[in-house]
Amino acid sequence: MRAAYLLPLLLAACIDPIDQQWQLDHDHVVVARATPPQIRPGDMTNLDALVAHAGGPTTVESPVDASVAQTGYAAQLVHDGVQWKVIAPDATTLAAARGGMGLAADAPVPVDVMMSFAVGTNRALDPVKVKKTVWLGEPAVNPDMPAITVADVPLAGDSIVVPKDKDVYLAVEVPTGWHVNWLTSAGQLWQDDEPRSFIHIAPKDRQQGEVACVIRDTNGGVVWNVWPIAAQ
Amino acid sequence: MFVGAGVASAQSVLHVHGRVVDGHGTVVRGAVVSVEGSTATVKTDAKGEYTIDAAPGASLLVLADGFGAGLGTAADKPDDIVLLAEEKIEIHGDPPPATAGAVHLDRETAERLPGTGNDVMRTLTAMPGVVDYPLPLGSSGVVMRGSSPQDSKVLVDDFEVPRLYHDVGFRSIIPMESIDSLEYIPGGFDVSYGRATSGVVNVTTRAGGDATHEQAELGAGEVSALAQGTEHGIRYMASVRRSTLDLILPYVLPSGLDLSMTTIPRYYDEQVRLDYALSSKWTLRVSSIGSDDALAVYVSRDRNPDKRYLDATKFVRGTAAATYHDGGWTAKFALSAMALEARFEQGVYQHLVQSSPSVTGRAEVLHTAKDVAGFADLSWRAGAEMVATQHSLDVAMPQPSVEGQPPRATQDPTDTSLTYMGTIPSLNSAAWTSATASIDERVRLTGGLRVDHYERSKDFAVQPRGELQITLTPKIIARVSAGAYTRPPEYEMELLAPLHGERSRQVIAGLQLDPAEGVRIQGSLYYTDRDRLIARDMMTGTVGNTGRGTTYGAEIIGTYKRGPWFGWLTYSYSHSTRIDVPGMEPRLFDYDVPHSLNVAASYRLGHYQFGARFRLQSGLPATPVDGAIFDSDANTYYPTFGPVNSVRAPIHHQLDLRIDRDFTLGGMKMTQFLDVQNVYMNESAISYFYGFDYTQRAAFHQLPILPTVGLRGEF
């Protein structure tokens with residue numbers, strides 16, 4: 001069992017190259033978002049996602065379809081013609097749901113929402129399926145995007161410029177327990193799931209594209225930002 | 001060297017007429033019989049019989065190629081002289097293999113096989129029915145005849161070792177130079193072996209020779225030294241080896257890897273063996289084998305704690321064994337103790353710390369007689385063994401995968417759904433007896449019974465086993481064997497679940513043809529039925545003894561060893577299926593390999609030896625992925641799989657070449673070899689894996705070309 005974890009590390013030379021999760025030049029849903037991630041009884045939250053595209057820039061998209069994974073909830077899913085939204089039931093219904101799930105009286109109630117996104121050229125008939133948990137009870141908001149540093153210098157402006165063929169650190173400070181993911185469509189990233197990552201744009205790589213930073217907090221909250229990046 | 005104690009009298013001389021047999025009761029022809037103190041010698045005939053003049057009570061010394069010295073006493077009706085120990089059975093010669101389909105290789109023969117890089121376990125890849133995979137399929141087992149690695153036992157001098165391979169380099173824990181022989185029994189093994197439901201590989205270490213000599217060897221990724229000889233009547237062999245990969249690896253790993261190694265992968269191993277003849281009847285052997293592997297790596301340049309991997313395993317086994325031999329009686333007593341420590345840490349949350357000291361006691365008595373109650377050439381044995389182990393475990397890991405469960409592309413580093421801290425005692429005991437006898441000159445029967453008791457799982461297993469051997473013609477022998485087998489549920493995390501032992505029943509039929517000296521052809525058919533297999537119910541996620549399985553196949557082994565030529569041909573067909581839960585449809589076994597072919601030849605010319613080996617093997621089965629669901633909060637994709645093992649990797653074939661050369665340098669005898677695997681660089685896919693979102697599938701390829709070089713100096 002243990003060897004199975006180590007072998008891939010040591011035999012990387014024997015495997016075909018394959019897109020990594022930090023690759024923005026690959027059709028996939030980067031992260032789904034509920035705004036806000038936690039809502040009071042009777043309140044409503046909007047659903048959308050950051051989507052990466054092969055050969056193109058990222059977009060923010062609404063799901064083409066959505067449903068509640070668990071049955072027996074009074075939470076409603078509605079589509080207002082533009083977005084899918086989750087509407088929390090009233091406090092009495094929520095309390096009953098807590099009882100059914102064995103939760104404490106003041107605990108937030110999780111609702112798993114299954115969404116479908118049409119991503120890429122051949123996904124119209126086979127959309128990407130994404131699960132996102134929305135919490136019902138006490139409210140919480142998505143976090144704000146902290147300032148990032150590039151080569152240990154606070155980023156000034158709306159785009160990132162890095163030297164060619166050199167390691168450049170990208171960093172952000174977040175509270176303990178939060179998760180950070182960096183993505184790019186130019187060059188390569190290392191430590192992409194750490195607050196302090198570094199990027200390297202070699203001459204053979206795409207010289208410009210995007211860098212995204214996605215942060216997940218402990219309340220189901222999500223924030224992201226996308227910057228243009230170019231190698232000089 | 002044997003020293004006899006008999007006294008010959010010149011006044012009375014007997015015409016001693018006796019017989020020489022091996023430990024299985026099979027006659028040994030061509031053995032040289034001499035009387036101590038006399039220069040007269042005779043050879044045993046085709047029936048193993050001899051006639052020699054000797055004084056009553058004089059000691060008879062028997063020597064035969066591939067056997068240790070045997071001792072007899074001159075008498076009117078002497079007992080059979082049994083040759084044991086140091087048994088070196090040439091693959092082309094006598095006696096027959098342990099069972100149909102079994103192979104016994106001595107060191108010299110194993111070293112002639114190209115494509116093995118002088119590695120003991122890689123030699124097994126040339127055996128029929130063994131899955132030839134470039135990576136170890138389980139660090140403590142061999143995949144043979146459609147069985148899991150944990151279904152077979154690998155023994156060194158009759159005792160199990162906890163691992164076969166070092167972590168890096170995929171080298172065996174015992175170097176080729178430290179072994180005397182390797183016996184591969186893919187099934188149908190006799191009652192003295194147990195706790196395995198498929199086959200057995202028994203490695204016999206090398207005893208010290210009459211002449212003292214030392215040798216040092218520099219090979220690919222390791223350096224070793226060996227000393228052997230005889231001092232004060234004690235035959236000794238000591239060997240030590242250390243990897244040099246830590247010097248090489250930093251330069252060969254791709255620069256793109258995001259690694260920071262705090263402990264460069266390295267390993268040590270050692271083997272010591274001392275043999276001493278306490279008297280003409282008692283011999284004593286003390287031995288030790290051990291290995292120590294360590295690797296610590298951060299999969300991040302900045303050494304983030306959640307990207308840390310540590311894997312360290314060390315064990316040492318010490319054994320004291322005594323053998324008593326007097327005429328037709330032989331007894332073996334052994335006490336072996338092993339200390340095992342393993343530590344694995346992955347990231348911040350997951351770890352496995354294990355300490356498993358164990359003690360094994362084993363005793364066996366063997367008696368051979370020429371004629372008892374109408375049975376000829378009787379060989380009877382009885383034995384018992386007890387293994388007591390105290391496992392101390394501290395586990396915080398994900399639930400382990402079981403056979404038939406497709407792997408996921410990503411692991412959750414916070415998953416510690418399997419936690420345990422405590423000690424688990426384990427007591428496995430066994431007793432066995434068997435008898436082999438000839439009904440007439442052509443028919444020989446073996447019947448035996450083995451009883452195992454696994455204290456932890458409360459299993460009590462009665463396992464009858466038997467074999468019928470018919471000599472159809474002087475050159476053709478037919479064999480049919482059948483038996484029942486079990487293994488305890490003690491492989492890795494099986495200790496943490498309330499499981500019972502797995503069971504199998506095997507039937508094997510084979511023909512052995514010896515058309516000429518140095519030429520042997522074996523063919524065998526086998527069928528194995530398994531039940532109580534440990535399997536996971538994919539619907540409930542629970543693990544239990546709900547699995548069943550069958551394997552059937554056919555094997556051919558051809559060997560040719562005459563003059564400077566050595567030839568080797570094996571082919572196996574196998575079909576192995578499993579049913580995880582009653583009512584489910586059968587699926588292919590994870591390591592089902594229908595076709596496997598090995599053709600090898602070597603030729604010795606002066607100081608050179610040239611060899612080549614061609615391999616062809618079906619690809620391993622795989623489970624396709626139909627789609628995936630992205631859990632956005634966990635940032636992980638969960639795949640949805642198609643039918644288990646419903647696709648297969650393509651056939652792989654490769655050619656290996658080897659050149660050996662002997663020469664002298666400053667009084668030292670030097671040997672160098674170059675062993676190149678996959679010379680035409682066939683990078684066929686071994687298996688497939690998926691990208692993070694399961695929309696891309698890529699191949700894990702064979703190594704394009706793998707040269708292994710070695711240089712040995714003996715002085």
Side-chain angles (χ1 to χ4, degrees), chain A residues 1-23 26-34 37 49 112-115 117 119-120 123 126 128-133 167 169 179 181 188-198 200 202 214 216 220 222, chain B residues 134-136 138-139 165 167-168 249 252-254 256-259 265 295 297 299-302 304 306-307 309 311 313 342 344 346 352 397 400-401 407 410-411 492-493 627-635 637-638 683 685-686 689-693 695-704:
Chain A
M1 178 172 65
R2 292 172 290 142
Y5 292 93
L6 291 169
L7 292 177
L9 302 174
L10 302 168
L11 293 164
C14 302
I15 60 178
D16 280 340
I18 205 163
D19 286 345
Q20 302 296 307
Q21 196 159 3
W22 50 258
Q23 182 59 262
H26 176 97
D27 294 327
H28 72 289
V29 173
V30 176
V31 63
R33 175 174 65 183
D112 290 343
V113 182
M114 299 299 297
M115 297 174 279
F117 291 85
V119 179
R123 294 298 190 93
D126 187 17
V128 174
K129 297 176 179 63
V130 178
K131 188 188 87 166
K132 168 70 185 171
T133 303
D167 295 342
Y169 277 96
H179 295 280
N181 290 94
Q188 296 197 56
L189 273 171
W190 283 267
Q191 303 175 189
D192 58 289
D193 57 352
E194 299 289 342
R196 184 174 165 84
S197 174
F198 62 93
H200 187 116
V214 177
R216 293 172 171 85
V222 170
Chain B
L135 306 177
S139 58
Y165 301 93
D167 279 337
V168 178
L249 209 54
V252 299
L253 281 177
L257 285 180
D258 192 18
L259 293 176
L295 163 67
V297 59
V299 192
S300 74
R301 183 184 299 183
D302 290 350
N304 303 93
D306 58 335
K307 299 294 188 303
Y309 297 82
D311 192 6
T313 305
F344 175 73
Q346 178 173 256
L352 187 161
M397 293 290 287
S401 295
T410 55
Q411 301 286 338
E492 293 194 335
M493 295 303 102
I629 296 173
F630 178 46
D631 183 338
S632 179
D633 295 315
N635 196 29
Y637 285 80
Y638 292 95
E683 296 182 65
I686 302 166
F689 64 97
Y690 289 86
F692 70 97
D693 62 351
T695 62
Q696 290 180 309
R697 191 183 80 161
F700 180 86
H701 293 281
Q702 290 276 354
L703 290 168

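Order of the sequence lines sets the chain letters (A, B, ...), proteins ahead of strands, with each chain counted from 1. Fair warning: this is a prediction, and the values are worked out from it, not measured in the lab.
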Report task. Below 4.5 Å from any heavy atom of chain A, which atoms of B/A628 appear? Answer side chain, backbone, both or neither. Result -> backbone
Requested in this report: Measure the CG-CE distance between B/D631 and A/M114 for me, rounded to the nearest 0.5 Å.
Outcome: 9.0 Å
Query raised in the report: Given the side-chain rings of A/H28 and B/F692, with only the six-membered ring counted for Trp, is the space between their centroids under 6.0 Å?
Result: yes
Requested in this report: For chain B, find which of A/R196, A/H179, A/K132 contributes the most heavy-atom pairs closer than 4.5 angstrom.
Outcome: A/K132
Query raised in the report: About how many Å separate CG of A/D193 and CG of B/N635, when rounded to the nearest 0.5 Å?
Result: 8.5 Å
Query raised in the report: Taking all atoms of both residues into account, what is the closest heavy-atom pair of B/G691 and A/I18, and its distance?
Result: N-CD1, 3.5 Å
Report task. Measure from the side-chain N and O atoms of A/E194 to the backbone N and O of B/N304, and report whether any donor-acceptor pair falls under 3.5 Å. Result -> no
Report task. With a 4.5 angstrom heavy-atom cut-off, could you sort out which part of A/Q23 is near chain B: side chain, backbone, both or neither? Result -> neither
**Report entry** Closest heavy-atom pair and its distance - A/H26, B/D693
**Finding:** NE2-OD2, 2.8 Å
Query raised in the report: With a 4.5 Å limit on heavy-atom distance, are the side chains of A/D27 and B/T695 in contact?
Result: no
**Report entry** Engaged part of A/V222 at the chain B interface, taking heavy atoms whose separation is under 4.5 Å
**Finding:** neither
Requested in this report: Heavy atoms only: give me the nearest A/V130-B/S632 pair and the separation to one decimal.
Outcome: CG1-CB, 4.0 Å
